[in-house]
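Here's the structure, in structure tokens; my notes come after.
Only a predicted model underlies this, so the values are computations on that prediction, with no experimental measurement involved. Each chain gets a letter, A, B and so on, in the order its sequence line appears, and its residues count up from 1.
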4 protein chains.
Amino acid sequence: MKAANKHALILSAATKVFAKKGFFNARISDIAKEAKIADGTIYLYFNNKHDILISIFDKELGAIHSQTKDMIAKENDAEIMLRIFIINYLRAMKKNKSFAGVMQLELRQTDKQIREYRDTQFAAYLNMLASIIVLGQKQNIFRSDLNPDIIKRTIYGALEETSRVWNISLESNYSLEDTIQQLFQLILAGLRVQHPVISEEPA
Amino acid sequence: MKAANKHALILSAATKVFAKKGFFNARISDIAKEAKIADGTIYLYFNNKHDILISIFDKELGAIHSQTKDMIAKENDAEIMLRIFIINYLRAMKKNKSFAGVMQLELRQTDKQIREYRDTQFAAYLNMLASIIVLGQKQNIFRSDLNPDIIKRTIYGALEETSRVWNISLESNYSLEDTIQQLFQLILAGLRVQHPVISEEPA
Amino acid sequence: MKAANKHALILSAATKVFAKKGFFNARISDIAKEAKIADGTIYLYFNNKHDILISIFDKELGAIHSQTKDMIAKENDAEIMLRIFIINYLRAMKKNKSFAGVMQLELRQTDKQIREYRDTQFAAYLNMLASIIVLGQKQNIFRSDLNPDIIKRTIYGALEETSRVWNISLESNYSLEDTIQQLFQLILAGLRVQHPVISEEPA
Amino acid sequence: MKAANKHALILSAATKVFAKKGFFNARISDIAKEAKIADGTIYLYFNNKHDILISIFDKELGAIHSQTKDMIAKENDAEIMLRIFIINYLRAMKKNKSFAGVMQLELRQTDKQIREYRDTQFAAYLNMLASIIVLGQKQNIFRSDLNPDIIKRTIYGALEETSRVWNISLESNYSLEDTIQQLFQLILAGLRVQHPVISEEPA
DNA sequence: GATGAATGAGTGTTCATTCAT
DNA sequence: TATGAATGAACACTCATTCAT
């Protein structure tokens, strides 16, 4: 990624370093070296190490969020919206694997600042998913007995774990299109209103 | 949790502390204080801080793994096996939320020792899921066009994210039974062989 | 060395360990293991780690001191006395190399207790050497222009360095008799009254 | 001593602290305080505590070694060379008593790094002494029945013990010139070819 | 007496952050 | 703006010593 200015240059370098070493094992000096600048320069653009991480989320997740939002706004069908959400997420994660790694790991930190970000910005992104499901239920496309909050998490978990394999996989790496197709198999078949579902519990 | 001996006492205390603060922010002295022992005592039972984390995984995940394995061994039907796997996982995570938190966060660390554990012990646990899917496909219960490696990740992601909500949720907390039911809606409907699946791509 | 009782057993073990690792790098547990007893047992016989070191000196150097003193008391000739001192020292160091190592290293510590020992017990031992020289000067065997305090140090340094080679030497190991003979060459030739000595200084 | 730069400043401070307390009892914070810098600054110039000690030897002993080597190279007479070696050593030790103390104590450590240094750099320095003796024997100035390896140790031991008194002495402090003169009495008288030596052993 | 588990004070080293240049 | 030397707080780990058994 070509950095337009030093702020972006640092974010890009930090994303690589965080992805490789994790936030805690990453050193400010690692980031500075990766960006080919002096350690101190970083503090002209960011308040502290945490601020860099938050800024990475702000920039990258913000971009995915607004792009997805814009694309969805142009559609009417909940199923197509869901498809857009899924494809946008997976494409972004495939394109910027470093960010994918950072997001999947660091967003889970119990750190106060991270938690705050997760509970506002990231929650808003995920709620698009809940809104799509609610819409699909209104449109009578998605089964109405599904709880949107639970399902949004279920879908997101499936998405995240799927994209996570791309970063760490020892297993053979399947193509984006294949993987998306497989995911739809599970998700849409489950969501669609016409499918009867088992209900008996095991002993 | 009542600790049978000091080894278990420390693991229990460490699990709580790691869940609350994360591995990196947790101090050895925090764990010692939680266990009401001296800092140095910890080193009579563990080699270092990392060793504690690995031991937590070994103990807790090992228990889930072997219990699930035993229960599955008694069954023939892949769908029931899948149900067992899912219920066992969710029950364990619901029961020991501290461990759930530790697992969901720390197992993703890029740290060498953690990665090693993940790539062997945890991978073996997950592969039960792939085996179940393969069996279901042989039994003609599950659709044969699904790739077990991708699907095992999809399902695990859904499970993990679902249980993760229980630890952090600001959202209302749904019951274990409700949540399991919802998950089956999606997963089994997607897996079952009789369901036709869409294939057209969006423009 | 067979220990008559536990006190001696510990001293013997400690001497070995101190010789091998040095006082600071030696662990109480190393000594306990070497003596095949429990760590705590050591504290039934010694106040602390320093006390063990001091006790080693007391026992070993005390033995050399009193034996040398007794042998010298039976002689009249200063040259023979000197010979006895030298042979006794070197024989003891050859026989108990572990103690030799401990003495050559630890007696130099700036530690308060060690310094105290060195300035009393060890100083008394060394002063036998000064007394012999003084006697030799009275007997007109040794040159009177030599300062006994300087010469005692000179001789002791030569002795110590000589015996030290036995413990560490990469160089070929000369026999005790050879080495003693060589030492006498230097020392007696220098001490004896009849030898003219150069006095001109270099430019 | 005025430190030309921070590296030298730290070495100078460390030399003082090591001389006073010994390597093991010296704290990094003691050195930092002595140098009036922060603890962490030390690690910008040295890898660890051991590295500081080795660097002290490298600098100080290296200086004595090369200076002595240069001065000896200009001479032909082994006796004069020996005189140069002795005077250089004693002058250096008299001038930098802290280093003298460090050298006399720490060079004896059984520590791996120290031993390595001793067996290479220090051994090379001492071998100058052996070479001088060999030359003197070729020149028929020194007795040929003396073993240079033993004698170099004997002389060095005498030198070291002599200079050691300057650091610790409770005894009256003799002048450098006096002491050198006394040392020559013993050493040269013993080395010189013309002196007959006793050979009879005591019973 | 003998044990060895437990203690907790002590320290080398790291690294985010600052600031004089 | 940019630098990178300097800072010093923070912490994992060690080990001499204690004491309940």
Which whole-number value in Å describes the distance from [X] [atom1] to [N] [atom2]?
| X | N | atom1 | atom2 | result |
| --- | --- | --- | --- | --- |
| C:Asp30 | F:dT14 | CG | P | 14 Å |
| B:Ile42 | F:dT14 | CD1 | P | 13 Å |
| A:His7 | F:dA2 | NE2 | P | 13 Å |
| B:Leu53 | F:dA12 | CG | C1' | 15 Å |
| B:Phe46 | E:dA6 | CZ | P | 12 Å |
| C:Leu9 | E:dG1 | CG | P | 14 Å |

Could you tell me whether B:Glu106 and A:Arg108 have a side-chain N and a carboxylate O separated by less than 4.0 Å?
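Answer for the salt bridge query: no.
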Residues A:Glu34, A:Arg27: salt bridge by 4.0 Å N-O rule:
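No salt bridge links A:Glu34 with A:Arg27.
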Using a 4.0 Å heavy-atom cut-off across all strands, classify A:Tyr45 as base, sugar-phosphate, or nothing.
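The answer is sugar-phosphate, as A:Tyr45 gets under 4.0 Å only of primed atoms, P, OP1 or OP2.
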Looking for any heavy atom pair under 4.0 Å, which part of the strands does B:Ile37 touch: base, sugar-phosphate only, or nothing?
sugar-phosphate
Would you please name every residue forming a salt bridge (Lys or Arg N to Asp or Glu O under 4.0 Å) with C:Lys20, sequence neighbours left out?
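Partners of C:Lys20 under the salt bridge (Lys or Arg N to Asp or Glu O under 4.0 Å) test: none.
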Contacts of type side-chain contact (heavy atoms from CB on, under 4.5 Å), residue D:Lys36, not counting sequence neighbours:
none
D:Leu53 and its side chain to side chain contact (heavy atoms under 4.5 Å, CB included) partner, picked from D:Thr15, D:Leu11, D:Val102:
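Going through D:Thr15, D:Leu11, D:Val102 one by one, the side chain to side chain contact (heavy atoms under 4.5 Å, CB included) with D:Leu53 is satisfied by D:Val102 alone.
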Polar side chain donor-acceptor pair, D:Gln113 to D:Glu116, under 3.5 angstrom:
no
Name each donor-acceptor pair under 3.5 Å that joins a side chain in residues 38-48 of chain B to protein atoms two or more places apart or in another chain, with its distance.
| residue | atom | partner | partner atom | Å |
| --- | --- | --- | --- | --- |
| B:Thr41 | OG1 | B:Ala38 | O | 3.4 |
| B:Asn48 | OD1 | B:His50 | N | 3.2 |
| B:Asn48 | OD1 | B:Asp51 | N | 2.9 |

Whether D:Lys6 contacts F:dA5 is assessed here as follows: a side-chain N or O lying under 4.0 Å from the phosphate OP1 or OP2. Is that the case?
no
DNA chain F in dot-bracket form (Watson-Crick or G-U pairs under 3.5 Å, [ ] crossing, | inter-strand) is .||||||||||||||||||||
Not counting sequence neighbours, which residues clear side chain to side chain donor-acceptor pair (under 3.5 Å) with D:Asp30? List them please.
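So D:Asp30 forms a side chain to side chain donor-acceptor pair (under 3.5 Å) with D:Lys21.
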Using a 4.0 Å heavy-atom cut-off, write out nucleotides 13-21 of chain E from 5' to 3' as B (base contacted by protein), S (sugar-phosphate only) or - (no contact).
BBSSBB---
So which of C:Phe23, C:Phe18, C:Tyr117 actually passes ring pair (Phe, Tyr, Trp, His ring centres under 6.0 Å) with C:Phe57?
C:Tyr117
